[in-house]
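Lettering follows sequence order; numbering is per chain, from 1.
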2 protein chains.
Amino acid sequence: MRPTTKDLAKAAGVSLATVDRVLNGRSGVREKTVKAVNAAILRIGFERNQVAATLARQRAYRFAFALPRFGDEFLDEIIDRIREFDRAGRAEMVEVDVIRLDDHDPHRAARTLSRLSAEDLDGVAIMAPGTPQIRDAILRMRERGIRTIPFIANQQLHGDEGFVGIYNRGAGATAGRLMGRFLGRLSGSIAVLTETTQSRDSLERRLGFDGVINRDYSNLKILPTLETHGDPGRTQHILRNALHAHRDIVGLYFMGAEARVPIEVSRVLTATNDRVAIAHERTPSTEHALKTGELDAVIHQDPGHLVRSAVRILRAKCENRTTLASQERIRTEILIAENI
Amino acid sequence: MRPTTKDLAKAAGVSLATVDRVLNGRSGVREKTVKAVNAAILRIGFERNQVAATLARQRAYRFAFALPRFGDEFLDEIIDRIREFDRAGRAEMVEVDVIRLDDHDPHRAARTLSRLSAEDLDGVAIMAPGTPQIRDAILRMRERGIRTIPFIANQQLHGDEGFVGIYNRGAGATAGRLMGRFLGRLSGSIAVLTETTQSRDSLERRLGFDGVINRDYSNLKILPTLETHGDPGRTQHILRNALHAHRDIVGLYFMGAEARVPIEVSRVLTATNDRVAIAHERTPSTEHALKTGELDAVIHQDPGHLVRSAVRILRAKCENRTTLASQERIRTEILIAENI
DNA sequence: CAAATTCTGAGGTACGCCCCTCAAAATGTA
DNA sequence: TACATTTTGAGGGGCGTACCTCAGAATTTG
């Protein structure tokens with residue numbers, strides 16, 4: 001039988017009340033006693049029964065995802081996964097919710113975070129830039145007893161163990177390698193499209209992509225990044241111009257999270273499928289394009305996994321546990337028509 | 001507040017005892033009463049609190065993996081993940097164990113399964129061929145109240161919902177596509193190695209691989225599969241012969257689960273890395289070979305995911321729940337140096 | 001109609017922990 | 001030494017469910 005708190009109390013030579021105080025970090029226990037209890041924990045191999053602990057808490061774990069108010073197809077996907085998790089998690093006493101942040105107004109966003117109370121929230125996964133206001137708001141949340149982890153966007157704060165996100169540089173490098181290998185001995189240029197080059201995602205991906213191509217594929221030349229601003233008309237315009245100005249374009253790299261528009265535009269503009277096209281994120285559009293051959297590969301990070309991983313880590317923080325590292329590593333997946 | 005069994009009893013106009021009888025499928029309740037309770041469940045949106053239910057069971061969930069006695073590097077990996085899960089799962093009242101089956105002797109294997117009792121086991125994930133003896137043993141286990149799911153190997157039994165396994169045909173096709181694309185316009189032959197062509201894994205992978213190459217890459221010719229029988233000396237011998245007999249070998253496909261020996265041998269035999277080499281399963285050997293460039297891609301299915309998924313499904317069966325389908329789909333991952 | 005059978009209700013205990021109160025003991029301070 | 005303060009012990013109630021017993025009610029059977 002696994003040792004219980006009662007066994008632990010006996011082993012440590014203290015009462016149940018003291019064991020409880022130590023286990024839950026309550027005050028009013030001498031250092032010496034704390035040490036004695038911890039020693040007993042190791043000695044008898046006590047491990048708190050999380051099932052009983054969760055039940056006794058008298059309330060479900062309540063977590064939230066703080067996400068930007070406006071986003072792309074990929075963000076929608078994440079929100080869907082959060083809702084899905086919420087439905088499935090209720091029987092396990094876990095509730096998750098979505099909070100929208102005005103990412104264009106750091107003050108408002110920070111204020112939104114400031115209003116969150118430990119009364120009705122155990123932890124938050126935050127997807128927001130690391131501006132001073134936001135970083136400050138996060139620190140104050142922590143003081144209030146709300147656990148936080150950076151989600152997708154990293155705020156580079158101290159104590160940010162358990163970042164759940166995307167390794168964009170690696171994702172870009174992966175795209176670069178596939179582009180280089182798929183093109184083989186072919187020479188020519190590669191057009192790169194994204195919504196905006198301002199975002200860190202785009203910067204890092206481009207960095208990874210360039211690194212591989214420039215080092216290993218001297219036959220290929222990467223053109224300056226084209227910005228679509230998410231506008232179909234503009235996308236069509238700039239892509240047509242690019243294809244016209246550079247007759248040797250052999251590869252298309254859709255670097256942004258919103259590949260739908262570029263894919264459609266390039267379908268219209270390109271009669272044949274002989275250019276290698278690579279995009280990011282599995283969405284209905286990219287999935288379909290893979291099947292038809294309009295895309296040759298998609299670099300993907302599973303949003304469901306991101307969500308579940310974030311919740312597991314938040315919960316582990318609440319329970320002073322560590323998680324299975326191998327389970328939390330978010331994979332940079334390569335999708336082709338054969339393995340979607 | 002979420003409705004509890006007490007609320008349900010009130011809503012259905014019955015006692016707690018009757019609610020309990022219905023929820024846990026005990027006998028001695030009139031059909032009419034069962035219907036009334038079920039109607040009330042839907043009406044008030046009752047959902048059993050799994051945390052409380054698990055605690056009240058007075059014992060942990062006990063699951064087992066029935067695995068072949070002898071296996072390859074990949075099976076070792078799976079066993080490691082099972083042990084790991086067991087350690088991490090104790091706090092959640094889940095215990096998992098490994099049972100070894102004599103896969104060469106269906107009678108003995110069936111007998112081993114027959115000895116398992118519902119007393120000390122809630123469910124088993126079974127990796128065994130679907131021989132009549134084994135299928136029969138599985139059916140009798142189910143009658144005894146032990147939940148079962150096929151694991152990796154499918155026994156094709158009725159009621160096998162929730163197969164956790166590998167889609168070998170797709171994995172082979174994925175390997176084929178990458179081989180074709182990585183080789184580009186190059187012409188030549190592809191050598192295929194595996195431990196034994198007898199296994200269904202090998203058959204299906206080869207089928208998928210051939211399908212893609214033969215349809216789309218007329219410049220490539222696939223040689224007959226070479227069998228290593230896991231013997232380094234023999235591997236070296238047959239690979240040297242093949243490279244000698246077919247000077248035009250441009251691709252190597254290591255189809256088996258044990259790629260270590262073939263990789264080492266081909267390193268010795270091949271001075272340059274200009275042949276495309278693809279293997280299955282991430283292991284220390286294949287990971288290292290990816291980094292050094294001896295392998296160009298690895299097709300992988302995450303063993304940790306396989307294990308966790310199997311446990312989740314078994315547990316859901318015990319609790320009459322369904323699982324999140326999106327979480328249980330085992331991905332055919334493509335690994336290259338940039339995304340390991 | 002009575003007897004046998006089936007169904008239901010009432011009540012209890014248990015799981016392992018959280019969280020609370022209050023008094024007693026140990027320690028520190030003047 | 002007397003007092004204040006800190007630390008500890010003892011005990012209880014609660015979470016929502018599982019599982020048990022036993023008596024009484026409802027239903028079926030002869």
Side-chain angles (χ1 to χ4, degrees), chain A residues 1-37 40-41 44-61 90-94 119 122 145 318-321, chain B residues 1-37 40-41 44-61 90-95 118-119 122 145 318-321:
Chain A
M1 216 53 200
R2 287 185 49 190
T4 71
T5 42
K6 208 176 285 182
D7 302 321
L8 179 55
K10 200 177 300 167
V14 299
S15 71
L16 264 175
T18 300
V19 162
D20 175 69
R21 289 178 184 116
V22 174
L23 283 182
N24 296 294
R26 304 186 215 286
S27 60
V29 185
R30 260 184 308 179
E31 190 57 33
K32 204 179 114 196
T33 317
V34 174
K35 283 224 179 79
V37 173
I41 289 178
I44 68 171
F46 170 82
E47 221 179 332
R48 190 196 312 234
N49 183 330
Q50 291 301 346
V51 175
T54 306
L55 181 61
R57 282 177 88 244
Q58 312 247 56
R59 63 173 194 154
Y61 282 101
R90 302 199 97 88
E92 307 285 344
M93 300 184 72
V94 179
E119 290 299 303
D122 296 295
C318 292
E319 297 171 351
N320 299 315
R321 284 186 300 111
Chain B
M1 214 54 200
R2 289 184 49 190
T4 70
T5 42
K6 209 176 283 181
D7 302 322
L8 179 56
K10 201 177 299 169
V14 299
S15 71
L16 265 176
T18 300
V19 161
D20 175 69
R21 290 180 183 113
V22 174
L23 283 182
N24 297 293
R26 305 186 214 285
S27 60
V29 185
R30 260 183 308 181
E31 191 56 35
K32 205 178 115 195
T33 316
V34 174
K35 283 224 179 75
V37 173
I41 288 177
I44 68 171
F46 170 82
E47 219 178 332
R48 189 198 312 235
N49 183 330
Q50 292 300 348
V51 175
T54 306
L55 182 60
R57 285 179 83 243
Q58 313 246 58
R59 60 173 195 154
Y61 282 101
R90 302 200 96 90
E92 307 285 342
M93 298 184 74
V94 179
E95 292 172 15
E119 290 298 302
D122 296 296
C318 290
E319 297 171 352
N320 299 314
R321 286 186 298 113

Check: Given atom CE of Met1(A) and atom P of dC17(C), what is their separation to the nearest angstrom?
Finding: 10 Å
Next item on the list: Quick one, give me the B/S/- string for nucleotides 18-27 of chain C, reading 5' to 3', where B means a protein heavy atom under 4.0 Å from the base and S means that only happens at the primed atoms, P, OP1 or OP2.
Entry: SB-------S
Next item on the list: Please round to 10 degrees the angle between the axis of the first five pairs and the axis of the last five pairs in the helix from dC1(C)-dG30(D) to dA30(C)-dT1(D).
Entry: 20°
Next item on the list: Could you check how far CD1 of Ile44(B) sits from P of dG16(D), rounded to whole Å?
Entry: 13 Å
Notebook entry, point to check: So how far is it from Glu92(A) CD to Glu92(B) CD, rounded to the nearest 0.5 Å?
Noted result: 8.5 Å
Check: Roughly, in whole Å, what's the span from CG in Leu55(A) to P in dA14(C)?
Finding: 17 Å
Check: Given atom NZ of Lys6(B) and atom P of dA10(C), what is their separation to the nearest angstrom?
Finding: 13 Å
Check: Which part of the nucleic acid, if any, lies within contact of Val14(A), taking any heavy atom under 4.0 Å across all strands shown: a base, the sugar-phosphate backbone alone, or nothing?
Finding: sugar-phosphate
Notebook entry, point to check: Any side-chain N or O of Thr18(B) less than 4.0 Å from the OP1 or OP2 oxygen of dG9(C)?
Noted result: yes
Checklist line | Steps toward side chain to side chain contact (heavy atoms under 4.5 Å, CB included) verdict (Lys6(A), Lys10(A)) | finding: CA-CA 6 Å; Lys6(A) 208 176 285 182; Lys10(A) 200 177 300 167; 5.9 Å; no
Notebook entry, point to check: Whole-Å distance between dC17(C) C1' and Tyr61(A) OH?
Noted result: 11 Å
Check: Starting at CG of Asp7(A) and ending at C1' of dC17(C), how long is that distance when rounded to a whole Å?
Finding: 13 Å
Margin query: If you assign each of Val51(A) and Val29(B) to its closest nucleotide in DNA chain C, which residue comes earlier from the 5' end?
Written below: Val29(B)
Next item on the list: Take the protein atom CD of Glu319(A) and the nucleotide atom C1' of dG16(C), then report the distance between them rounded to whole Å.
Entry: 14 Å
Check: Does a side-chain heavy-atom distance below 4.5 Å link Phe46(B) with Val19(B)?
Finding: no
Next item on the list: May I ask you to verify if any side-chain N or O of Thr4(B) is less than 4.0 angstrom from the OP1 or OP2 atom of dG16(D)?
Entry: no
Checklist line | Nucleotide dT17(D), atom P - distance to CE of Met93(A) in whole Å | finding: 10 Å
Next item on the list: Drop me the distance from Ile41(A)'s CD1 to Thr5(A)'s OG1, to the nearest 0.5 angstrom.
Entry: 11.0 Å
Item checked: Stepwise side chain to side chain contact (heavy atoms under 4.5 Å, CB included) check, Arg321(A) with Gln50(A) -> CA-CA 10 Å; Arg321(A) 284 186 300 111; Gln50(A) 291 301 346; 3.6 Å; yes
Margin query: Could you check whether any side-chain heavy atom of Arg59(B) comes within less than 4.5 Å of a side-chain heavy atom of Asp122(B), counting everything from C-beta outward?
Written below: yes
Next item on the list: Find the distance between OG1 (Thr4(A)) and CG (Leu16(A)) and round it off to the nearest 0.5 Å.
Entry: 7.5 Å
Item checked: Exercise: identify the closest heavy-atom pair between Arg48(A) and Arg2(A) -> O-NH2, 3.9 Å
Next item on the list: Would you sort out whether Arg21(B) and Val37(B) count as a side chain to side chain contact (heavy atoms under 4.5 Å, CB included), showing the intermediate values?
Entry: CA-CA 10 Å; Arg21(B) 290 180 183 113; Val37(B) 173; over 6 Å; no
